Novice: 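Have a look at this one.
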Amino acid sequence: MRACSLLAAAALLNATPVLAEPDPSAVVAAERAFAADGLALGIKRSFLKHSTAEAILFAPDPVKAHDLYADRPERPLPPLVWWPLWAGIARSGDLGFTTGPATFGGKENGWYFTVWARQADGGWKWIYDGGSRSAHGSAAPQGSPPAYLAASTGPKATAGEAMAAVRAAEARLAAAAATDVPAAYLAVLSGDARVAGSPAVPATTPAAVRAELAGRARAIAFSPLGGSASQGGDLAWTYGDARWEEGRKPSRGHYVRIWQSRAEGWRLVFDQILPVAEPSS
């Protein structure tokens with residue numbers, strides 16, 4: 001009887017696939033390959049090689065990378081160097097991100113942020129690339145092992161269900177941010193969230209996050225533009241317009257966010273606002 005029970009249990013284990021813990025190292029490897037090609041091939045060819053046809057960046061408003069770079073002439077530029085220090089990936093292994101410091105010509109050039117999507121052939125290409133003006137501070141040097149976002153603890157969902165939930169969360173955030181930005185964010189940020197956008201070092205602790213939020217306008221009008229969710233429905237990225245006033249002067253920019261499904265609901269784990277410098281009159 002015991003032997004039969006053991007055989008039955010073994011058969012059940014063999015028939016039930018065991019899901020591996022999501023491993024962000026694949027996204028980190030893709031980012032490092034992209035950075036290496038940036039030095040070997042130049043900005044134009046490396047950006048086209050590693051991005052999808054629909055990938056976007058802000059220049060200063062959203063534009064497809066392939067439209068921006070396709071007709072841009074090749075020209076020598078100082079070396080652009082960047083390296084990942086924080087990364088995350090969906091449970092389904094098809095959507096991820098990395099962020100870290102960047103230098104241009106050997107000088108600090110803010111912190112980049114890239115969203116990656118796994119392709120049909122198993123490789124990775126980015127679907128968004130940009131960065132904030134944040135200072136490097138005591139950032140770890142190139143080649144250092146990155147920290148990883150903890151895996152999602154939320155329930156299973158489809159990509160469509162995830163995006164519907166994230167859009168609803170963003171609508172609530174936008175409604176609250178119209179009058180009280182810090183309170184709006186603190187209601188949805190995870191305890192391990194990272195927030196960036198100012199010249200300060202990206203905020204990685206609750207105290208630093210509060211300071212970063214306090215430096216933003218008290219009221220911001222957010223309007224969604226796009227984004228996507230993982231096939232497993234646990235990770236999503238979004239971007240959109242942001243408008244506020246500095247004194248009585250209208251200002252604008254764009255936000256980029258990462259949302260993760262957790263046991264307590266959808267939480268914002270990354271947020272940055274990228275101001276648009278209006279041309280001087």
Side-chain angles (χ1 to χ4, degrees), residues 56-64 68 86 97 99 101-102 108-115 127-137 163 165-228 236-260 266-281:
I56 69 157
L57 41 75
F58 299 131
D61 292 304
V63 62
K64 290 182 180 179
L68 180 67
W86 187 53
F97 67 86
T99 185
E108 286 193 15
N109 194 46
W111 283 64
Y112 82 87
F113 183 77
T114 312
V115 181
I127 53 179
Y128 166 78
D129 184 73
S132 63
R133 51 187 175 164
S134 307
H136 286 193
M163 281 309 296
V166 168
R167 289 190 190 102
E170 292 225 320
R172 291 190 295 270
L173 171 59
T179 57
D180 192 339
V181 165
Y185 273 102
L186 292 174
V188 295
L189 283 167
S190 66
D192 56 349
R194 301 191 176 205
V195 179
S198 76
V201 176
T204 62
T205 66
V209 165
R210 287 179 179 273
E212 179 75 15
L213 295 176
R216 293 181 175 180
R218 183 71 179 183
I220 302 178
F222 291 123
S223 302
L225 292 176
S228 61
W237 81 285
T238 62
Y239 69 96
D241 285 327
R243 295 181 181 273
W244 65 94
E245 288 189 355
E246 293 183 5
R248 294 188 176 181
K249 180 182 177 182
S251 299
R252 72 184 187 95
H254 303 98
Y255 68 82
V256 180
R257 299 171 181 149
I258 296 289
W259 293 84
Q260 187 184 47
W266 281 91
R267 290 293 178 264
L268 189 58
V269 297
F270 176 82
D271 178 273
Q272 64 178 9
I273 293 182
L274 309 173
V276 171
E278 298 291 359
S280 56
S281 56

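Just so we're clear, the structure is a prediction, and the values are computed from it rather than from any experiment.
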Novice: Supply the atom-to-atom distance Asp192 CG to Arg267 CZ, rounded to the nearest 0.5 angstrom.
Specialist: 11.5 Å
Novice: Taking side chain to side chain donor-acceptor pair (under 3.5 Å) as the test, write out the residues that go with Trp111, two or more places apart.
Specialist: none
Novice: Measuring only between side-chain heavy atoms, which start at C-beta, is Ile56 closer than 4.5 Å to Val63?
Specialist: no
Novice: For a quick check under 3.5 Å, do Tyr185 and Asp271 share a side-chain donor-acceptor pair by atom type?
Specialist: yes
Novice: Search all heavy atoms of Leu268 against all heavy atoms of Ile258 and return the closest pair with its distance.
Specialist: CD1-O, 3.5 Å
Novice: Could you go step by step and tell me if Ser134 and Val201 meet the side-chain contact (heavy atoms from CB on, under 4.5 Å) rule?
Specialist: CA-CA 5 Å; Ser134 307; Val201 176; 5.9 Å; no
Novice: Taking the side chain as everything from C-beta on, heavy atoms only, tell me whether Tyr255 gets closer than 4.5 Å to Pro224.
Specialist: yes
Novice: Show your working on side-chain contact (heavy atoms from CB on, under 4.5 Å) between Ile127 and Trp237 and close with a plain yes or no.
Specialist: CA-CA 10 Å; Ile127 53 179; Trp237 81 285; 3.4 Å; yes
Novice: Check whether any side-chain heavy atom of Thr99 sits under 4.5 Å from a side-chain heavy atom of Thr114, and report yes or no.
Specialist: no
Novice: Rounded to the nearest 0.5 Å, how far apart are CZ of Phe270 and CD of Gln260?
Specialist: 14.0 Å
Novice: Glu212: which residues meet the salt bridge (Lys or Arg N to Asp or Glu O under 4.0 Å) condition with it, sequence neighbours left out?
Specialist: none
Novice: Looking only at non-hydrogen atoms, find the nearest pair between Ala176 and Ala184 and report the distance.
Specialist: CB-CB, 3.5 Å
Novice: Does the side chain of Arg257 reach to within under 4.5 Å of the side chain of Leu173, using non-hydrogen atoms?
Specialist: yes
Novice: Is a side-chain N or O of Thr238 found less than 3.5 angstrom from the main chain of Gly227, in a donor-acceptor match?
Specialist: no
Novice: How far apart are the closest heavy atoms of Ala135 and Pro202, and which atoms are they?
Specialist: O-CD, 3.7 Å
Novice: Rounded to the nearest 0.5 Å, what's the gap from CD1 on Ile220 to OG on Ser251? Could you check?
Specialist: 10.0 Å
Novice: For Gly197, does its backbone N or O pair with a side-chain atom of Arg133 as donor and acceptor, under 3.5 Å?
Specialist: yes
Novice: Taking all non-hydrogen atoms of both residues into account, name the closest pair between Ala102 and His136 and its distance.
Specialist: O-NE2, 2.9 Å
Novice: Between the side chains of Arg218 and Asp180, is the shortest nitrogen-to-carboxylate-oxygen separation below 4.0 Å, so that they form an ion pair?
Specialist: yes
Novice: Report yes or no: is the cationic atom of Arg243 (NZ for Lys, CZ for Arg) under 6.0 Å from the centre of the six-membered ring of Phe222, at an angle within 45° of the ring normal?
Specialist: no
Novice: Considering non-hydrogen atoms only, spot the tightest contact between Leu68 and Ala59 and give its length.
Specialist: CD2-CB, 4.1 Å
Novice: Can you name the ring pair (Phe, Tyr, Trp, His ring centres under 6.0 Å) partners of Phe58, sequence neighbours left out?
Specialist: Tyr128, His254
Novice: Heavy atoms only: give me the nearest Pro60-Val276 pair and the separation to one decimal.
Specialist: CB-CG1, 3.9 Å
Novice: Rounded to the nearest 0.5 Å, how far apart are CD1 of Ile273 and OG of Ser132?
Specialist: 11.5 Å
Novice: Checking Arg194 against Trp86: charged group under 6.0 Å from the ring centre and within 45 degrees of the axis?
Specialist: yes
Novice: How long is the straight-line distance from CG of Leu274 back to OH of Tyr239, given to the nearest 0.5 Å?
Specialist: 13.0 Å
Novice: Does Arg210 have more than 12 heavy atoms from other residues, nucleotides or ligands lying within 6.0 Å of its CZ?
Specialist: no
Novice: Taking the side chain as everything from C-beta on, heavy atoms only, tell me whether Val195 gets closer than 4.5 Å to Thr204.
Specialist: no
Novice: Using 0.5 Å steps for rounding, measure from the CD atom of Glu170 to the CH2 atom of Trp266.
Specialist: 11.0 Å
